[in-house]
> 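What follows is a single structure, and I will ask about it in a moment.
Quick caveat, the model's predicted, so the values are computed rather than measured. Values below: every heavy atom of this structure, side chains too, minus hydrogens, waters and symmetry copies.
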Amino acid sequence: MIYEGKNLRANFLEEGIAELVFSGIGSVNKFDSQTLQELDQAIRMLEAEANLKGVLVRSEKSAFIVGADITEFTALFDEPLGDVTQWVAKTSQIFNRFEDLPVPTVAAVNGFCLGGGLEMALSCDFRVADVTAKLGLPEVKLGIMPGFGGTVRLPRLIGADNALEWMTTGKEFSPEQGLAFGVLDAVVDPTRLVDAGLSILKDAIAGEFDWQQIRGTKKGPLMLNQNEAMMSFSTAKAMVAAKAGKHYPAPHAIVDLVAKSASLPRDEALIKENQQFAILAKSTEANAQIGIFLSDQVVKGKGKKLAKASSQSIEQVAVLGAGIMGGGIAYQTAVKGTAVIMKDIAQSSLDLGLNEAAKILTKGMQRGKVSPEKMASTLNAITPTLEYSAIKNADLVIEAVVENPKIKGQVLAETEKSVSEHAVICSNTSTISIQLLAKSLDKPERFCGMHFFNPVHKMPLVEIIRGPHTSDSTISTVVAATLKMGKTPIVVNDCPGFLVNRVLFPYFNGFGLLIADGADFAQVDKVMEKGFGWPMGPAYLLDVVGMDTAEHASGVMAVGIPERFSKSEYDVVTTLYKADRYGQKNSKGFYDYSSDKRGRPVKTPSQEAYQLISEVAKNASEFTEQEVIARLMIPMANEAIRCLEEGIVASAAEADMALVYGLGFPPFKGGIFRYIEQMGLAKFVELADQYSHLGPIYQVSDGVREMAQSNQSYFAQ
C-alpha cells in the first residue's frame, strides 16, 4: 500500500504500476476538503516512489466523481475575495502536481464524471470510459466556472470552440460524444474498463503512445493564430450573449477568460482561472444559483423520502376532464409509461384532450426528440371514455374539470362511488379550498389537491395540497405518482390560492395599483422582463393566464383573504374582462395578438386597452425601474413570508423552488427568499415601509420585522 485514506487509496497493481482508487465514505465520490487533502497526500507518496512507471485512476463506486461538495464550499465563498482566490489556487496546484508526475497516467471513468471529477480525469494523460459514463462541467449552472484547471486543460485538449460549448452550457455528454469531441480516448463495456485502462497505460509505458507530447500540449498555450482566435471567441461571445443574456455573468466570464489565457502556458493561465473563479464565487448570481441548487436538493430529498413511504403502486391513472389541461396531464402520465383513462362528458372534449397529447408529441417528433414508436406507445396508453365505469380500476384519479366548486364537488362525489376502496382522489384546482371540496367525499382522508401548471409538459412543479383530513399515506402516494410523471412535487397546506397563486396575486394587485397610478403596462413589462428577469411581465402574464381566469381566481382570493386581497375600486383585470379582452385566448388583452408573414406570433400594446385604462386610471406618470420593481415585488415577498410563518409551506427552500418551477422566478435571483436575503432583511423592511401607505399588501409582518432586528436568516440550519 502506497497510501490509504478514508476516501481514496493508492497501491501497486503490479510492479511499477499503481492505481489511485476513489472510494468515498458516502454514497458517491466527491471532492470535499477531506478528499482533496487525501489526494494531496497520495500524490506526495506517488512522487516519492522511485520505481513508479504509471498510474491508473479509477472509482470503486458506480460513479467516478460527481464533482465538488458544493454544500461544504458555500461557507468558503463567504470569505474575503483574497481568501477564496488563495484556496482555489492551492487546490488547483494539487491537480497540477498529479499532471506533472513523471510517468503516464490514465483515468478509467464510469458513471458520473462531472465538474471536479472531469477535471481530475483531464489532469490524466489518457481517458477511457465505459458506456455508463456521463461527462460534463456543470459549474456554470451554479453561477461559477471550473476551478481546478478545467478552463485551461479542456480547450488545449479539444479546441477552444468545443471546450466553450462544454463549459458555457454545462451540459452532460455521453461517452460517444466524449469520444467524438476528443475528451475520451476509448469507450468500452463496463466489464473491460479496468483492463482497457491498464492496456493503454502499458502501451504508454512501452513508448507506443507519446504521452509526454500529449501532456506538453495541455501545458502549453492554445494553438490558435490571431485570425482563428478572433473568429472563435467573437462567435462564442455572440452565442453566449444570445442564450445567457445579461443576467448570468458566468458564461461570459468563461469566454473572456479562455480568450485572455489562450496565449499563456498552463501555470500562467491557471492564475487567471483562480482569480476569475473567486470573483464569480463571490457574485450575487452565484450565491443565488447555488442557493437554488441547495434548495432543489431539499425538495428532492423530501420527495424521495415521502415516495419511499408509499405502499401503493400506481398502475392506472384516471383523468376527469379532457380539455387542454386534462389532455396535458394525460400526456404527461402516459409518456412516462403509466396507463391513463381520460374521461369526459362530451366526445368533443375527449377529442380536444387527445389532440393536445398528439400535438405535444408531434412537436417532439419535429425536433427529433420523440420517435414514432414513442408517439404511438404514448397515445395507445391513453384510453378516452364517456363512462364512469371505465375508471373502476384506477389507482389514482385526477379531477381536472372546470374551476367551479359546485361542479367539482359533484364530479368528486360521483367519482368516489365509481372507484375502488384503495383509490386516491385528487383535484387539479388552482385556488379552490381542498377542505371545501373534501366535503363532497365520504372518505376525505384519501383526497388532496394536485395542482398542475400550464403547459403541463413544460412546467416542472406540481403543488400537492394537504387538506385537514388528508392522510399521510395519501400524500406519499401522490408524491410518488408525481415523481413517476417526471414532475417536482412540493407539499403545501390548504389555504386560498395555496402557495403559488396566493403569492402571485399580490404581485398582480401591486401591478394593478401601479397602473391605476398612471404607469404604462408595456413599460412595466419591459422593466420586469429586462430589468428584473421574469420570463414575462405582469401584463403579458395576465394575457397568457386569461383575464377571465384571473378575474375568477382573484375573486376567490378576495373572499378567502379579504383583509389583503379585497378588490380595489379600480381593477385593471376587471376592466379588461368586462370589455371581453381575455388575453391570448381571444387575441386581445393588454396586447393585441396576430401573426407575421411567417406565421410567428406577434404582440402589440393595444390602443383599446390603453383607452379603457385611461378612463379609470390617473393621468400617465413616470416611474423609475426601482419603483416598478419595488411596487410589484414587495407584495409578493410579503405574502411568501406570511405563507412560511403560517405553515402553508414548510421551508424557505421549498417556497423558492415552488416559485422558480411554478412561475419562472428568475433563477439568477435564487427564489423569493434568496432575493429578500440578498437585499438584507433590514433593507427589505425599510423599503416596504416606504410603500406601506399603499395598503395592506405592502405592510410587513411582525415576524419579518423581528427577524430583521435580530439579524436572523430564513436559511439558518
> With distance as the sole test, does K61 use its side chain to make a donor-acceptor pair with the main-chain N or O of G26 at under 3.5 Å?
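Answer holds: yes.
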> State, without any angle test, whether S295 and D656 hold a side-chain donor-acceptor pair at a distance under 3.5 Å.
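No donor-acceptor contact under 3.5 Å links the two side chains.
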> Can you list everything that forms a salt bridge (charged side-chain N to carboxylate O under 4.0 Å, His left out) with K219? Sequence neighbours excluded, please.
D100
> Parallel, tilted or perpendicular: which fits the ring planes of F173 and W166, with parallel below 30° and perpendicular above 60°?
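Parallel: the ring planes of F173 and W166 meet at under 30°.
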> Looking only at the side chains, is there a donor atom on one of T151 and E273 sitting less than 3.5 Å from an acceptor on the other?
yes
> Can you tell me if T488 uses its side chain to pair, donor with acceptor, with the backbone of L461 under 3.5 Å?
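Judged by distance alone, no pair lies under 3.5 Å.
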> T85 side chain to Q275 main-chain N or O, any donor-acceptor pair under 3.5 Å?
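Answer holds: no.
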> I need the full list of ring-ring contact (aromatic ring centres under 6.0 Å, His included) pairs touching residues 203-234, with sequence neighbours left out, sorted by first then second residue.
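The answer is F126-F209.
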> Nearest heavy-atom pair of I144 and A286: which atoms, and what distance?
CG2-CB, 4.0 Å
> Between K218 and L122, is there a donor-acceptor pair closer than 3.5 Å when you use the side chain of the first and the backbone of the second?
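Yes, the answer is positive, given that a donor and an acceptor are paired below the 3.5 Å cut-off.
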> Kindly write out the residues that satisfy salt bridge (charged side-chain N to carboxylate O under 4.0 Å, His left out) with K30, not counting sequence neighbours, or none if the list is empty.
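With sequence neighbours excluded, K30 shows a salt bridge (charged side-chain N to carboxylate O under 4.0 Å, His left out) to D69, given in chain and number order.
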> Scan residues 118-132 for pairs that pass salt bridge (charged side-chain N to carboxylate O under 4.0 Å, His left out), counting only residues two or more places apart or in two chains.
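Passing the test, one end in residues 118-132: D125-R215.
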> Does the D83 side chain pair with the main chain of E79, one donor and one acceptor, at a distance under 3.5 Å?
no
> Which atom pair, heavy atoms only, marks the closest approach of V140 to T169?
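Where V140 meets T169 most closely, the heavy atoms are CG1-C, 3.8 Å.
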> Report the residues that fulfil side-chain hydrogen bond (donor to acceptor under 3.5 Å, both in side chains) with Y3, sequence neighbours left out, ordered by chain and then residue number.
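Once residues adjacent in sequence are excluded, the partners of Y3 under the side-chain hydrogen bond (donor to acceptor under 3.5 Å, both in side chains) criterion are Q41.
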> Could you list the residues that satisfy salt bridge (charged side-chain N to carboxylate O under 4.0 Å, His left out) with K272, not counting sequence neighbours?
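Partners of K272 by the salt bridge (charged side-chain N to carboxylate O under 4.0 Å, His left out) criterion come out as none, since no residue qualifies.
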> Spell out, as yes or no, whether a donor-acceptor pair under 3.5 Å connects the side chain of K134 to the backbone of C113.
no
> Check residues 251-260 and write down every donor-acceptor pair under 3.5 Å in which the side-chain atom is one partner and the other belongs to a residue at least two apart or another chain.
from, atom 1, to, atom 2, distance (Å)
H252, NE2, G245, O, 2.7

> What residue pairs, at least two apart or across chains, pass ring-ring contact (aromatic ring centres under 6.0 Å, His included) with a residue in residues 136-158?
F95-F148
> Taking atom CD of Q86 as the centre, does the number of heavy atoms from other residues, nucleotides or ligands within less than 6.0 Å exceed 12?
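Open.
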> Check the pair M145, L137 against side-chain contact (heavy atoms from CB on, under 4.5 Å), reporting the backbone distance first and the verdict last.
CA-CA 8 Å; M145 63 191 295; L137 293 170; over 6 Å; no
> Which heavy atom of V183 sits nearest a heavy atom of L135, and at what distance?
CG1-CD1, 4.5 Å
> Which atom names give the shortest non-hydrogen contact between L222 and A160, and what distance separates them?
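Reported closest heavy-atom pair: CD1-CB, 4.3 Å.
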> For the residue pair Q678 / N287, report whether a side-chain donor-acceptor contact shorter than 3.5 Å exists.
yes
> Not counting sequence neighbours, list each pair that qualifies as a salt bridge (charged side-chain N to carboxylate O under 4.0 Å, His left out) and has a residue in residues 8-19.
R9-E60, E14-K202, E19-R58
> Roughly how far, to the nearest 0.5 Å, is CD1 of I205 from CD1 of I17?
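Result: 4.0 Å between the selected atoms.
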> Taking S92 for the side chain and V88 for the main chain, is one N or O donor matched with an acceptor at less than 3.5 Å?
yes
> Who are the salt bridge (charged side-chain N to carboxylate O under 4.0 Å, His left out) partners of R674, not counting sequence neighbours?
none
> Does anything in residues 659-670 form a salt bridge (charged side-chain N to carboxylate O under 4.0 Å, His left out)? List the pairs, not counting sequence neighbours.
none
> Check for a donor-acceptor pair, side chain of N29 on one end and backbone N or O of F64 on the other, with a separation under 3.5 Å.
yes
> Closer than 3.5 angstrom, by distance alone: can the side chain of E72 be matched with the main-chain N or O of D32 as a donor-acceptor pair?
no
> Minimum heavy-atom separation for E285 to P249, with atom names?
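What the structure gives for the nearest pair is CG-CD, 3.6 Å.
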> Please confirm whether the backbone N or O of G147 pairs with a side-chain atom of E139, one donor and one acceptor, at under 3.5 Å?
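Side chain of E139 to backbone of G147: no pair is present.
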> Rounded to the nearest 0.5 Å, how far apart are NZ of K243 and OG1 of T168?
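Rounded to the nearest 0.5 Å, the NZ-OG1 separation comes to 7.5 Å.
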> Which pair of heavy atoms, one from G149 and one from L270, lies closest together, and at what distance?
CA-CD2, 3.4 Å
> With sequence neighbours excluded, give me every salt bridge (charged side-chain N to carboxylate O under 4.0 Å, His left out) pair touching residues 148-169.
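Non-adjacent pairs meeting salt bridge (charged side-chain N to carboxylate O under 4.0 Å, His left out): E99-R153.
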